[in-house]
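Basis for what follows: all heavy atoms, side chains included, without hydrogens, waters or symmetry-related copies. Sequential numbering from 1 along the given sequence is applied to the chain's residues.
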Amino acid sequence: MSKTISFNDLRRLKDSLPDGAIRRIADELNVSDQTVRNYFGGVNYQFGTNVGMHIEPGPDGGIVVLDDTVIFDMAVRILEEEANN
């Protein structure tokens with residue numbers, strides 16, 4: 001299922017993750033850390049892959065359409081775990 005979010009909101013989600021969360025997501029999905037970073041707006045495709053993220057110019061950094069929300073959902077879950085501890 002796809003999700004639409006502003007680019008700035010996506011970056012805020014990434015920036016609010018605790019230390020080690022990128023590695024944790026990468027390990028659970030068996031992908032590289034850089035692939036997870038690319039999902040959150042990084043563009044290093046030499047060490048990571050494209051993750052089905054489409055950016056359209058616009059206000060608040062533009063609109064991002066995420067083709068797959070698995071990484072997004074895991075990030076939200078990690079933040080919820082942090083809030084409950």
So how far is it from [X] [atom1] to [Y] [atom2], rounded to the nearest 0.5 Å?
X	Y	atom1	atom2	answer
Ile25	Asp33	CD1	CG	10.0 Å
Arg24	Leu17	CZ	CG	10.0 Å
Thr69	Tyr39	OG1	OH	6.0 Å
Asn8	Asp60	CG	CG	4.0 Å
Ile22	Asp27	CD1	CG	11.5 Å
Ile71	Leu29	CD1	CG	5.5 Å

> Are the charged groups of Arg77 and Glu28 less than 4.0 angstrom apart, N to O?
Replying inline: yes
> Looking at Arg12 and Asp15, does any basic side-chain N land under 4.0 Å from a carboxylate oxygen?
Replying inline: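 Here Arg12 does not pair with Asp15 in a salt bridge, since their nearest N and O are not under 4.0 Å apart.
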>> Before you tell me yes or no, could you show the steps for Asn38 and Gln34 under side-chain hydrogen bond (donor to acceptor under 3.5 Å, both in side chains), namely the whole-Å CA-CA distance, both residues' side-chain angles and the distance that decides it to 0.1 Å?
In response: CA-CA 6 Å; Asn38 289 348; Gln34 190 58 51; 3.0 Å; yes
Are [X] and [Y] side-chain neighbours, meaning at least one heavy-atom pair lies under 4.5 Å?
X	Y	result
Ile63	Phe7	no
Ile5	Phe72	yes
Ser2	Leu66	no
Lys3	Val64	no

> For the residue pair Leu79 and Pro18, what are the closest heavy atoms and their distance?
Replying inline: CD2-CD, 4.3 Å
> For the residue pair Ala75 and Leu13, what are the closest heavy atoms and their distance?
Replying inline: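 The pair with the smallest heavy-atom distance is CB-CD2, 4.0 Å.
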> Does any donor atom in the side chain of Glu81 or Asn85 lie under 3.5 Å from an acceptor atom in the other side chain?
Replying inline: no
